[in-house]
There are 2 protein chains.
Amino acid sequence: MSSDKKISSAVIRRLPRYYRYLGEIKESGIQRISSNELSNRMKVTASQIRQDLNNFGGFGQQGYGYNVEYLYEEIGKILGIDKTHSMVIVGAGNLGQAIVNSEDFAKRGFIIRGVFDNNKELDGRKIGEHQIMMSDRLPQFIKDENIEILAITVPKDAAREVARVAVEAGIKAIWNFAHTDINVPDNIVVENVHLSESLMRLSYNMANHANQ
Amino acid sequence: MSSDKKISSAVIRRLPRYYRYLGEIKESGIQRISSNELSNRMKVTASQIRQDLNNFGGFGQQGYGYNVEYLYEEIGKILGIDKTHSMVIVGAGNLGQAIVNSEDFAKRGFIIRGVFDNNKELDGRKIGEHQIMMSDRLPQFIKDENIEILAITVPKDAAREVARVAVEAGIKAIWNFAHTDINVPDNIVVENVHLSESLMRLSYNMANHANQ
DNA sequence: TAGATTGTTAATCGATTAACAATC
DNA sequence: TAGATTGTTAATCGATTAACAATC
């Protein structure tokens, strides 16, 4: 059920933000909103909002605007968070723990099914309700439990090997926090979170007085 | 010393990645590299590399290429990481701890000078070598210690107030991990890290079999 | 019906890629 | 000098904004 036309990544980058705003607008009890009003809140052009949404179909109604709840639901579907996704974390350091202990991801349907590390001292220790497993059990676990997403929070030197093993075991997507690019086959999705690069951009902007 | 021409944010987004690759190439002992060879490694066009770099000046030499060490240093300067930057963390949860305990940021010159939280049970507890301070001390600390960067790792409901107080106290930049946009004056730099949005993009791409 | 606002086409703007003269 | 490769201009491609007819 792949889409016909290729949606630009610039649009995809904006979708979660629409989703977040619409969620908040919905919570505040507002039932309909025009692209113009949404544009005021989000500081993007109304034109861009209408263009972006129309990549996926006509969600609005002339003379009325958009039904907030409906649009929120539809964007959720587009993002694939109307279903749950199974995830494992490899790397039980601070960052791994932060992800495990956060409620935000489970709330969006990303269910953590296992936490792995290769430090033997951590074997069996608990993070939240998860008992840390040794990394050599990772491939079998991915297969047995049908894990879709691998979050990599190990140091960069270990990251590629973890990715390789997981890909071989049939993982579908990798959420990579290690400071390295990982090379995987084209059909595997990789989403990078490079915190130190983010901080360098901040540093650049600070030196150059730029606006956000 | 602001730059004359405005550099596009697309270029800035790529700079840290150039920096990372050049650092690794330097470590591997290679002394010179052509845009073509770098393009092969990084999977971007050589043309883009040359265009990007030329926004900041001619770092290469016809017939030779680029001196790896020199280019690495220069990009470091452009990014402003030839100097150190003082930073505080507000929010001593898992994510805050992860940032404090990471060596990566200090390595790039981002020095953590204080960790704050408003949970009284944490008052005085230690994270690494940092004693957690209560958030009411934040504004005075920012002034006294000349803090440039505020990392916000508190839940979204508290984030805006923390930002407001810090801006009033003279903070220059905010590294925001809370799931909300924070509105600050134009001269304050904001760099957002919205992890759940990252995960939603991953989810979208997974559903649509896209390449990275 | 009149007013509002979308969906969509057209115009503009910006970013990427290609090409090549300059030059090491 | 000949070969290599940059710096930079020109061409292309894509994304954003503007405009407005369609329509609720």
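The figures that follow rest on heavy atoms only: side chains count, while hydrogens, waters and symmetry mates do not. Just so it is clear: chains get the letters A, B, ... in the order the sequence lines come, proteins before strands, and each one is counted from 1.
- At the phosphate of C:dT16, OP1 or OP2 sits under 4.0 Å from a side-chain N or O atom of B:R14.
- Out of D:dT5, D:dC24, D:dA19, the shortest distance to the side chain of A:Q61 is found at D:dC24.
- Picking from D:dC24, D:dG7, C:dT5 the nucleotide with the shortest atom distance to the side chain of B:N54 gives D:dG7.
- Relative ring orientation between B:Y70 and B:F59 is described as perpendicular, the plane-to-plane angle rising above 60° on a 0-90° scale split at 30° and 60°.
- Atom CD of A:Q62 and atom P of D:dC24 are 6 Å apart (whole Å).
- A donor-acceptor contact under 3.5 Å links the side chain of B:S47 to the base of C:dA18.
- Judged by closest nucleotide on DNA chain D, B:S35 is the one of A:T45 and B:S35 placed further toward the 5' end.
- The local environment of CD in A:Q31 is sparse, with at most 12 non-hydrogen atoms from other residues, nucleotides or ligands closer than 6.0 Å.
- Remark: C1' of C:dT23 and CZ of B:F59 are 19 Å apart, rounded to the nearest angstrom.
- Contact check, A:R50 against C:dG7: no side-chain N or O comes under 4.0 Å of OP1 or OP2.
- The side chain of B:Y66 places an N or O atom within less than 4.0 Å of a non-bridging phosphate oxygen (OP1 or OP2) of D:dG7.
- Within the 3.5 Å criterion, the main-chain N or O of A:F177 finds no donor-acceptor partner in the side chain of A:T153.
- The separation between A:L53 atom CG and C:dT5 atom P is 16 Å, rounded to whole Å.
- Following rounding to the nearest Å, B:D52 (CG) and C:dG14 (C1') show an atom-to-atom distance of 14 Å.
- Between the base of C:dT9 and the side chain of A:Q51 there is a donor-acceptor pair shorter than 3.5 Å.
- By the 4.0 Å N-to-carboxylate-O rule, B:E73 lies too far from B:K77 to be salt-bridged with it.
- Nucleic acid contact for B:R13: none, since no nucleic acid atom lies under 4.0 Å from a heavy atom of the residue.
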